[in-house]
There are 2 protein chains.
Amino acid sequence: MTYTIKEVAEKTGLSIYTLRFYDKQGLLPFVSRNSSGYRAFTTGDLQLLKTICCLKNTDMKISDIRQYITYVMQGPSSIPERRTLLQAHQQAILAKQAAIEKNLQEIEFKLNIYTSPEAETLVNQELAVAQAEKIANDLSNPFQVKNA
Amino acid sequence: MTYTIKEVAEKTGLSIYTLRFYDKQGLLPFVSRNSSGYRAFTTGDLQLLKTICCLKNTDMKISDIRQYITYVMQGPSSIPERRTLLQAHQQAILAKQAAIEKNLQEIEFKLNIYTSPEAETLVNQELAVAQAEKIANDLSNPFQVKNA
DNA sequence: CTAAACCCTAGACCATACTCTAGGGCAACT
DNA sequence: AGTTGCCCTAGAGTATGGTCTAGGGTTTAG
């Protein structure tokens with residue numbers, strides 16, 4: 001049993017366009033064609049495609065994914081290179097995770113202000129400080145003036 | 001005291017180009033100009049810029065950041081809208097965090113294989129299965145054949 | 001045997017987010 | 001006054017990752 005591009009699109013959530021685009025980019029050299037020239041995805045192909053999605057979802061660039069797939073096509077001799085590539089990517093993901101966590105906390109801090117009962121007071125204070133700073137530096141006030 | 005665009009670039013890690021681009025995109029309506037038409041960043045402006053970076057670093061689109069900044073410029077009356085916008089973004093970040101965590105685990109699983117002493121055996125097994133599947137479906141073998 | 005629903009390629013087009021160039025003004029030092 | 005090093009805008013160009021169209025072949029059910 002093999003799968004058509006449409007079936008694979010449904011299974012993966014990628015569009016047919018994207019699948020063909022990935023093939024054009026050299027990400028799917030492992031997908032064979034049937035006698036009509038149609039792509040025939042095996043379950044093994046789906047497994048590899050899942051790995052590609054995994055890398056894509058963690059923001060690996062297509063050129064790097066292509067490099068990884070190229071290694072896979074070369075067989076076991078490329079295991080050291082695959083390991084190096086994935087380890088570098090792992091580090092990139094960990095760094096990104098840390099950054100996201102930090103930014104998320106900032107956003108939660110902002111949200112706490114906006115959700116608190118003193119939200120208006122706090123926001124007004126910030127605004128007053130910002131406006132005073134503009135005036136102190138001889139700058140125009142870019143904030144919208146309250147129309148009582 | 002105010003900061004020039006160059007100083008702000010150094011402080012934030014954004015390029016001067018990017019800062020001007022953000023201004024062009026309506027992300028910096030709060031930055032006033034001095035008598036020569038130069039941007040003059042106050043410390044309050046830096047604070048807001050930091051928030052912009054926070055949103056950008058968590059993949060908020062520029063159009064959405066612009067919306068948020070527009071709310072900020074409107075003063076306290078827009079607090080409910082700011083809250084709604086940030087809460088939606090918070091949910092998006094949480095979803096992304098979960099997805100990254102899941103994909104990271106997949107990658108770590110792969111790495112464990114590549115790092116284990118049986119790496120070559122395991123990879124060869126996978127490859128054999130994939131090739132057998134191609135043959136079973138009358139497809140060409142796209143993998144590189146070992147030259148003994 | 002034909003219509004509907006697939007499949008294919010090549011290549012144009014689009015969105016997003018920058019990045020850079022050209023042309024010109026301002027500020028400080030020499 | 002000239003040179004250096006900033007600043008400005010407008011707009012062109014680039015990189016990335018799709019998305020779609022045109023033109024054409026295949027497969028399947030009626």
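First the proteins, then the strands, lettered A, B, ... as listed; each starts at 1. In this text, all values refer to a predicted model and were calculated from it rather than measured experimentally.
Put simply, the side chain of A/Leu19 does not reach to within 4.5 Å of the side chain of A/Val31, judged on heavy atoms. With a 4.5 Å cut-off on side-chain heavy atoms, B/Tyr3 and B/Thr43 count as touching. The shortest side-chain heavy-atom distance between B/Leu55 and A/Ile107 falls under the 4.5 Å cut-off. With a 4.5 Å cut-off on side-chain heavy atoms, B/Tyr38 and B/Ile5 do not count as touching. Side-chain contact between A/Ile52 and A/Tyr68: absent, with no pair of heavy atoms (C-beta onward) separated by less than 4.5 Å. Counting heavy atoms from C-beta outward, A/Thr70 and A/Gln74 have side chains that approach closer than 4.5 Å.
Using modelled atom types, no side-chain atom of B/Ser78 and backbone atom of B/Glu81 make a donor-acceptor pair closer than 3.5 Å. Formation of a donor-acceptor pair under 3.5 Å by the B/Lys134 side chain with backbone atoms of A/Thr42 is not found in this model. Judged purely by atom type and a 3.5 angstrom limit, B/Asn137 has no side-chain atom pairing as donor or acceptor with the backbone of B/Leu139. Remark: side-chain polar atoms of A/Gln131 are not paired, donor with acceptor, to backbone N or O of A/Ala128 under 3.5 angstrom.
Summarising the geometry, the separation between CD on B/Glu7 and C1' on D/dG5 is reported as 14 Å, rounded to the nearest angstrom. Rounded to an integer number of Å, the gap from A/Ile65 CD1 to D/dT16 P is 13 Å. Here D/dT28 presents its P atom at 10 Å from CG of A/Asn34, a figure rounded to the nearest Å. Taking atom NZ on A/Lys56 and atom P on D/dG17, their separation rounds to 10 Å, with Å as the unit.
Residues of residues 35-52 of chain A having a heavy atom closer than 4.0 Å to DNA chain D, listed by number: A/Ser36, A/Tyr38. For the segment residues 9-27 of chain A, the set of residues with a heavy atom within less than 4.0 Å of an atom of DNA chain D comprises A/Ser15, A/Tyr17, A/Thr18, A/Phe21, A/Tyr22, in numerical order. Less than 4.0 Å separates DNA chain D from no heavy atom of any residue of residues 91-103 of chain A.
Within 6.0 Å of CG on A/Asp138 lie no more than 12 heavy atoms contributed by other residues, nucleotides or ligands.
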Let me have the donor-acceptor pairs involving side chains of residues 84-92 of chain A, under 3.5 Å, with sequence neighbours excluded, atom names and distances please.
unit_1  : atom_1 : unit_2   : atom_2 : d
A/Thr84 : OG1    : A/Pro80  : O      : 3.0
A/His89 : NE2    : A/Thr58  : OG1    : 2.7
A/Gln90 : NE2    : B/Glu108 : OE2    : 3.2

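Residue B/Ser63 is out of contact with every strand shown, counting any heavy-atom pair closer than 4.0 Å.
In this view, A/Arg39 and A/Asp23 satisfy the salt bridge (Lys or Arg N to Asp or Glu O under 4.0 Å) rule, not counting sequence neighbours.
First and last contacting nucleotides of DNA chain C toward chain A (any atom under 4.0 angstrom from a heavy atom, 5' to 3' order): C/dC6 to C/dG11.
The phosphate of D/dC6 (OP1 or OP2) has no side-chain N or O of B/Thr4 nearer than 4.0 angstrom.
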